[in-house]
Enquirer: 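Sharing a structure here in structure tokens format.
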Amino acid sequence: MSNKHSQKSKSGADSWADETLAIRGGFERSQYGEHSEPIMATSSYVYGSAAEAAARFSGETSGPIYSRFTNPTVQIFEHRLAALEGGEACIGAASGMAATATLLLGTLRQGDEIVATRNMFGSTVNLFKNFLPRYGITVHWADGLDVESWVPLVTSKTKLLYVETPTNPLTELADIRAFADLAHAHGAVLAVDNCFCTPALQKPLALGADIVVHSATKYLDGQGRCVGGAVVGSQELIDTLTSFMRSAGPCMSPFNAWVFIKGLETLNLRMQQHCANAAELAVFLESHPAIRHVYYPGLDSHPSAELAKRQQKLPGGILSMEVDGDKAAAWRLIDAVKLCSITGNLGDARTTITHPATTTHGRMTAEDRSLAGIGDGLIRLAVGLEDLDDIRNDLEQALDKV
Ligand SMILES: *Cc1c(COP(=O)(O)O)cnc(C)c1O
């Protein structure tokens with residue numbers, strides 16, 4: 001495939017640390033010597049002759065053909081993210097959901113089975129539940145906290161285990177190494193949605209996973225501007241997905257790729273500050289009388305606090321809280337905030353607050369929501385980079401109104 005030229009040997013990137021890869025990885029200057037990565041806004045590419053065009057299309061020679069499946073700006077993002085995740089290759093997609101759909105539809109076939117964490121992002125659950133069965137793919141659901149409960153569900157038909165850790169919105173963790181061992185014992189592969197942690201906090205491939213899925217929309221962008229996604233894995237997998245992308249078309253735009261490239265440059269610093277702010281707010285909220293429970297992997301009260309220390313560099317920037325009351329109480333708190341933004345996005349420099357049961361997880365059935373533990377009093381807070389006291393004061397005055 002044309003998007004696989006290696007840039008490592010020339011630049012010395014083989015020995016670079018993550019902080020350097022995030023800023024300089026995957027990029028070689030053009031003949032103009034530009035310092036910042038260019039946006040290659042072109043749908044197609046020109047050849048010197050009919051023979052050259054034919055050779056490019058057949059794969060005999062490498063190089064870009066059409067931006068539905070390769071674009072130089074998107075490739076910089078792909079190389080950079082692959083390097084940060086420690087994967088061989090990466091493919092960008094139009095959204096996080098497009099990345100997941102590309103992985104599933106590009107690799108699975110009728111009769112295959114997958115096992116997935118019950119408590120995942122709402123659209124992921126809807127895709128798995130409402131669409132995969134139409135194509136003859138069976139999905140089994142299980143609890144990410146309990147790897148033993150997955151054992152009877154994994155058979156010779158199982159091609160993929162799919163986990164999200166920590167989960168949205170309850171921050172439940174799955175033990176990546178244990179799930180990788182289970183998958184591999186049955187000839188299946190493990191895919192991990194690394195959206196909440198990003199490679200700055202968690203490296204699923206180093207823990208044994210085979211595939212990482214990203215919503216670049218969140219922390220990779222980091223400022224709530226663009227929708228995008230990516231899959232990282234072996235060169236063989238990404239070649240398969242590139243060929244699916246060529247036919248199906250859910251590709252990343254070069255402009256969005258450029259925003260994500262720039263986002264990656266500050267990812268590590270941003271994640272540290274998101275986590276520092278979230279950790280302080282989690283302690284504050286846990287001791288507040290209007291809050292019944294706080295879900296945050298950095299709290300001792302979190303059931304997977306030990307695993308979080310082992311598996312993640314830091315506990316993350318997202319927490320959820322159960323207000324002492326029902327939906328009306330949760331909505332009162334949300335309606336009273338002045339600084340925090342009422343929006344479903346997360347991973348933004350701005351703190352965002354949302355009521356999962358009626359927004360991000362509103363399309364799930366009430367029964368599924370209840371099984372997943374997403375109650376009417378639950379509020380998700382994606383802690384931003386504003387001054388900690390300003391965020392805390394905003395929540396404090398809002399909590400007075402619950
Ligand atoms: C947002 C999100 C997705 C989907 O990503 P989009 O870019 O919105 O399509 C997938 N997984 C998790 C955990 C998310 O938060």
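Fair warning: this is a prediction, and the values are worked out from it, not measured in the lab. Residues: numbered from 1 along the sequence shown. Counting starts at 1 for both ligands and their atoms, in listed order.
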Enquirer: Considering distance alone, does some N or O of Val227 sit under 3.5 Å from an N or O of ligand 1?
Expert: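 For ligand 1, there is no N or O atom that lies under 3.5 Å from one belonging to Val227.
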Enquirer: Identify which one of Asp394, Asp389, Asp390 satisfies the side chain to side chain donor-acceptor pair (under 3.5 Å) criterion when paired with Arg392.
Expert: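 Exactly one pass, corresponding to Asp389.
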Enquirer: Report the nearest protein non-hydrogen atom to atom 9 (O) of ligand 1: residue, atom name, distance rounded to 0.1 Å.
Expert: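 Atom 9 (O) of ligand 1 sits closest to the protein heavy atom Met97 N, 2.8 Å.
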Enquirer: Distance to 0.1 Å, residue and atom name: give those for the protein heavy atom nearest to atom 7 (O) of ligand 1.
Expert: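 The protein heavy atom lying closest is Thr217 OG1, 2.6 Å.
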Enquirer: At the 4.0 Å heavy-atom cut-off, does Gly228 count as touching ligand 1?
Expert: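 True for this residue.
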Enquirer: Can an N or O of Asp193 be found at a distance shorter than 3.5 Å from an N or O of ligand 1?
Expert: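 In this structure, Asp193 places an N or O atom under 3.5 Å from an N or O of ligand 1.
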Enquirer: For atom 4 (C) of ligand 1, find the nearest protein heavy atom and state the residue, atom name and distance (0.1 Å precision).
Expert: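 In this structure, atom 4 (C) of ligand 1 has Phe121 CE2, 3.4 Å as its nearest protein heavy atom.
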Enquirer: Are a donor atom and an acceptor atom from the side chains of Arg270 and Thr266 found within less than 3.5 Å of each other?
Expert: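 Indeed, the side chains of Arg270 and Thr266 share at least one donor-acceptor pair under 3.5 Å.
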Enquirer: By the definition side chain to side chain donor-acceptor pair (under 3.5 Å), identify the one residue from Thr360, Asn168, Thr354 that meets it with Arg380.
Expert: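 It is Asn168; the other options fail the test.
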Enquirer: If we only count heavy atoms from C-beta on, is the Phe260 to Met252 side-chain gap below 4.5 Å?
Expert: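 The answer is yes, as the side chains (C-beta and beyond) meet within the 4.5 Å cut-off.
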Enquirer: Which of the atoms in ligand 1, numbered in the order shown and given with their element, are less than 4.0 Å from a heavy-atom of Asn168?
Expert: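 Result: 15 (O).
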Enquirer: Kindly identify the option in Ser215, Ala94, Ala98, Gly122 whose heavy atom sits closest to atom 8 (O) of ligand 1.
Expert: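 Among Ser215, Ala94, Ala98, Gly122, the closest heavy atom to atom 8 (O) of ligand 1 comes from Ser215.
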Enquirer: To check your reading of the model: name the closest protein heavy atom to atom 14 (C) of ligand 1, its residue, and the distance in Å.
Expert: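 The protein heavy atom lying closest is Lys218 NZ, 2.9 Å.
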Enquirer: Run the ring pair (Phe, Tyr, Trp, His ring centres under 6.0 Å) test on Phe128 and Tyr162 for me, step by step, so that the C-alpha distance in whole Å, both residues' side-chain angles and the decisive distance to 0.1 Å come before the verdict.
Expert: CA-CA 10 Å; Phe128 282 33; Tyr162 195 98; 5.0 Å; yes
Enquirer: Just which atoms of ligand 1 are under 4.0 Å from any heavy atom in Cys195?
Expert: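 Taking each heavy atom of Cys195 in turn, ligand 1 has 12 (C), 13 (C), 14 (C), 15 (O) under 4.0 Å.
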Enquirer: Using a 4.5 Å cut-off on heavy atoms from C-beta on, say whether the side chain of Leu378 contacts that of His355.
Expert: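 A side-chain contact under 4.5 Å is absent here.
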Enquirer: Taking the six-membered ring of Phe27, is NZ or CZ of Lys262 closer than 6.0 Å to its centre and within 45° of its axis?
Expert: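 No - Lys262 does not lie over the ring of Phe27 by the 6.0 Å and 45° rule.
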Enquirer: Checking a contact table here: which protein heavy atom is nearest atom 6 (P) of ligand 1, and how many Å away?
Expert: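 Nearest neighbour among protein heavy atoms for atom 6 (P) of ligand 1, to 0.1 Å: Gly96 N, 3.3 Å.
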Enquirer: Show the atoms of ligand 1 that are less than 4.0 angstrom away from any heavy atom in Glu164.
Expert: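 Per the distance check, 13 (C).
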Enquirer: Determine the interplanar angle of the Phe69 and Tyr66 rings, folded into 0 to 90°, and report it as parallel if under 30°, tilted if 30 to 60°, perpendicular if over 60°.
Expert: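 Ring orientation of Phe69 relative to Tyr66: tilted.
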